Amino acid sequence: MSRILAGLMLCVLSGLPAQASTFVFSNANPSGLNGLAGGNVADPEVMVSFSAGPGLAIFATDAGRLGVDSRPNPGVTDPFPNRLNLMGGTAAGQGESLSFSFNRTGYLDKLYFDGMKDETLEHFTLTLPNGSVRTIFDFEAEFRLNFQGFDTEDVGVPNFVMADDATDDISGLGIPFRPGQVFTLTYGQIDYATLLPGYVPMNSQGIPTGDIANGARFEGLSVTLVPEPGTLVILVGLLGLTTGRTKR
């Protein structure tokens, strides 16, 4: 019986790293963050702490997806209070943001967005806990640039990456984190009138669309969790006790 128990412990131990959690905000999965400056969202495996930015901004939802209302900041106007977008007023041209952290160790695998416009080169800057950044665009952004004779280097952003497909989601990130380390997503738009003279927002048929940048929404994230050190110690200890009894 002891050998069987030892085998079971090894199976459990080897399976622990595969823990995964996904938080997708929709009508079916309300976040409870609407109207708050920050809060926690949890499942049985991990808790995620979210905060809206900048300053006194609060979360606002649209069909369950997360947006940011920056109007609580004095002098700030917000053309789309239920999305992440560029602010007006005293913060004109600055992007709204949201930050998140976890109470477990793991890897950030996937981010879910909605509404990033490739025509007007909307994007999100993901700032990692170590301070490095990745700039996430719609999956057709490079096509839009190349079609008009420009390149991704012309937009002047660090680490240009694109979403996987038309859903605006990006996977395969594999970014490690420890408890409490903060990630920040900041909405942005490329000033193509200055950086890309001659660039014209147009649809896939080559028809000019005009400046239709109107913000985007955050739909959620997926992570892979690393086993808690205490759990590993307990399992290894139990395995050692079991093996010891087998020798008697």
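Note that this is a predicted model, so its numbers are computed, not measured. Note: hydrogens, waters and symmetry copies are ignored here, and every other heavy atom, side chains too, is used.
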_Exercise: do Asn82 and Asp69 side chains pair donor with acceptor under 3.5 Å_ = no

*asked:* Does any part of the side chain of Val161, heavy atoms only, come nearer than 4.5 Å to the side chain of Thr135, both counted from C-beta?
replied: no

*With a cut-off of 6.0 Å (strictly less than), are more than 12 heavy atoms of other residues, nucleotides or ligands near CZ of Phe147?*
no

*Check salt bridge (Lys or Arg N to Asp or Glu O under 4.0 Å) between Asp118 and all other residues, then give those that pass, not counting sequence neighbours.*
Arg144

*Say you draw a straight line from OG1 of Thr127 to CG of Leu185; how long is it, rounded to the nearest 0.5 Å?*
8.0 Å

*Between Tyr187 and Phe113, is the ring centre distance below 6.0 Å?*
no

_Within this structure, what is the CZ-CE distance for the pair Phe143 and Met162, rounded to the nearest 0.5 Å?_
11.5 Å

*Please tell me if the side chains of Leu126 and Phe183 come closer than 4.5 Å, counting only heavy atoms from C-beta onward.*
yes

*Which residues pass the ring-ring contact (aromatic ring centres under 6.0 Å, His included) test with Phe177, sequence neighbours left out?*
Phe102

*Ignoring hydrogens and angles, tell me if any N or O in the side chain of Asp109 forms a donor-acceptor pair with the backbone of Thr224 under 3.5 Å.*
yes

*Just jot down the ring-ring contact (aromatic ring centres under 6.0 Å, His included) partners of Tyr112, sequence neighbours excluded, or say none.*
none

_CG-CG distance between Leu121 and Leu145, expressed to the nearest 0.5 angstrom_ = 5.0 Å

*When you measure from the side chain of Gln181 to the backbone N and O of Pro129, does any donor-acceptor pair fall under 3.5 Å?*
no

*asked:* For the backbone of Gly215 and the side chain of Glu122, can you confirm whether one donor and one acceptor N or O come within less than 3.5 Å of each other?
replied: yes

*Just jot down the salt bridge (Lys or Arg N to Asp or Glu O under 4.0 Å) partners of Arg83, sequence neighbours excluded, or say none.*
none

*Atom OH of Tyr107 with >12 non-hydrogen neighbours under 6.0 angstrom*: no

*Please work out whether the ring planes of Phe59 and Phe50 are parallel, tilted or perpendicular, with thresholds of 30° and 60°.*
perpendicular

*Do Arg104 side-chain atoms and Val226 backbone N/O form a donor-acceptor pair below 3.5 Å?*
yes

*With Glu219, which residues qualify under salt bridge (Lys or Arg N to Asp or Glu O under 4.0 Å), at least two apart?*
Arg65

*Please tell me if the side chains of Ile190 and His123 come closer than 4.5 Å, counting only heavy atoms from C-beta onward.*
yes

_Atom pair CG/OG1 of Leu128 and Thr184 - distance to nearest 0.5 Å_ = 10.0 Å

_Check whether Ser97 reaches the backbone of Thr186 with its side chain - one donor and one acceptor, N or O, closer than 3.5 Å._
no

_Suppose the criterion is side chain to side chain donor-acceptor pair (under 3.5 Å): which pairs have a residue in residues 42-54, not counting sequence neighbours?_
Gln19-Glu45, Ser21-Asp43, Asn40-Ser49

*Expected output: side-chain Asp164 to main-chain Ser171 donor-acceptor under 3.5 Å*: yes

_Under 3.5 Å: donor-acceptor pair, side chain of Asn73, backbone of Leu56_ = yes

*Is the shortest heavy-atom distance from the side chain of Asn34 to the side chain of Leu36 under 4.5 Å?*
no

*Could you tell me whether a side-chain N or O of Lys117 sits under 3.5 Å from a main-chain N or O of Gly115, the two making a donor and an acceptor?*
yes

_For Met116, is there any backbone N or O sitting under 3.5 Å from a side-chain donor or acceptor partner on Asp168?_
yes

*Report the distance from atom CD1 of Ile175 to atom CG of Leu173, rounding to the nearest 0.5 Å.*
4.5 Å

*Does some side-chain heavy atom of Leu108 sit less than 4.5 Å from a side-chain heavy atom of Leu221?*
yes

*Test side-chain hydrogen bond (donor to acceptor under 3.5 Å, both in side chains) on Asn85 and Asn214 and set out the steps.*
CA-CA 7 Å; Asn85 50 256; Asn214 60 2; over 6 Å; no

